[in-house]
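Worksheet for the structure shown next.
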Amino acid sequence: INAGRYNLAINAIRAGRDADALGELRALADEGRALEDWDLAAGAFDALGTALMNLRRWRESAAALREGLGLVGTLLLKDS
């Protein structure tokens, strides 16, 4: 289910509807954290950062991208 929701949000971004994707991406990032699904959370933060960048919301974009990068570190530690 989460993969489908993620794909819908990504397709909204690709269609230029970045603002439409924000709520779903934030929810997916939160759910990924709660489920300790770091791949989902990191991907959602990355896509959120991209959508915010497209909307020229620079500070929010940078914060989301930093959050996603932090979760990538968690993924790397988990896999080692």
Side-chain angles (χ1 to χ4, degrees):
I1 293 173
N2 286 337
R5 291 170 51 212
Y6 176 82
N7 288 335
L8 287 172
I10 294 300
N11 285 325
I13 293 169
R14 288 181 182 155
R17 297 188 336 269
D18 300 274
D20 294 343
L22 297 180
E24 193 64 56
L25 290 169
R26 285 188 178 108
L28 286 166
D30 290 343
E31 290 169 27
R33 270 199 201 134
L35 296 170
E36 294 186 6
D37 183 342
W38 307 122
D39 189 39
L40 172 64
F45 275 116
D46 179 55
L48 178 61
T50 299
L52 289 163
M53 187 175 10
N54 292 342
L55 294 168
R56 305 178 67 82
R57 292 166 60 174
W58 309 119
R59 288 186 182 155
E60 292 172 89
S61 172
L65 292 169
R66 273 193 300 273
E67 188 71 26
L69 283 173
L71 293 174
V72 168
T74 301
L75 275 170
L76 293 173
L77 290 173
K78 183 183 99 176
D79 290 340
S80 60

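Both Leu55 and Leu25 are members of a single hydrophobic cluster when ILVMFWY side chains are connected at heavy-atom separations under 4.5 Å.
The two residues Ile13 and Ala47 make their nearest non-hydrogen contact at CD1-O, 3.7 Å. Among all heavy-atom pairs drawn from Ala21 and Ala9, the shortest one is CB-O, 3.6 Å. Closest of all the heavy-atom pairs between Ser61 and Met53 is OG-CB, 3.5 Å.
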Practice prompt. Run the numbers on Trp38 and Glu36 for side chain to side chain contact (heavy atoms under 4.5 Å, CB included), then give the verdict.
Written response: CA-CA 6 Å; Trp38 307 122; Glu36 294 186 6; 3.6 Å; yes

Practice prompt. Apply side chain to side chain contact (heavy atoms under 4.5 Å, CB included) to Leu71 and Asp39, showing your working.
Written response: CA-CA 8 Å; Leu71 293 174; Asp39 189 39; over 6 Å; no

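In this structure Ala64 satisfies the side-chain contact (heavy atoms from CB on, under 4.5 Å) test together with Phe45, Leu48, Leu52, sequence neighbours excluded. Applying the side-chain contact (heavy atoms from CB on, under 4.5 Å) test to Leu40 and every residue at least two apart in sequence or in another chain returns Asn2, Leu28, Asp37.
Listed for the Asp46 side chain is no donor-acceptor partner under 3.5 Å among the backbone atoms of Ala42.
Pairs engaging residues 5-18 under the salt bridge (charged side-chain N to carboxylate O under 4.0 Å, His left out) rule: Arg5-Glu24, Arg5-Glu31, Arg17-Asp20 [sequence neighbours left out].
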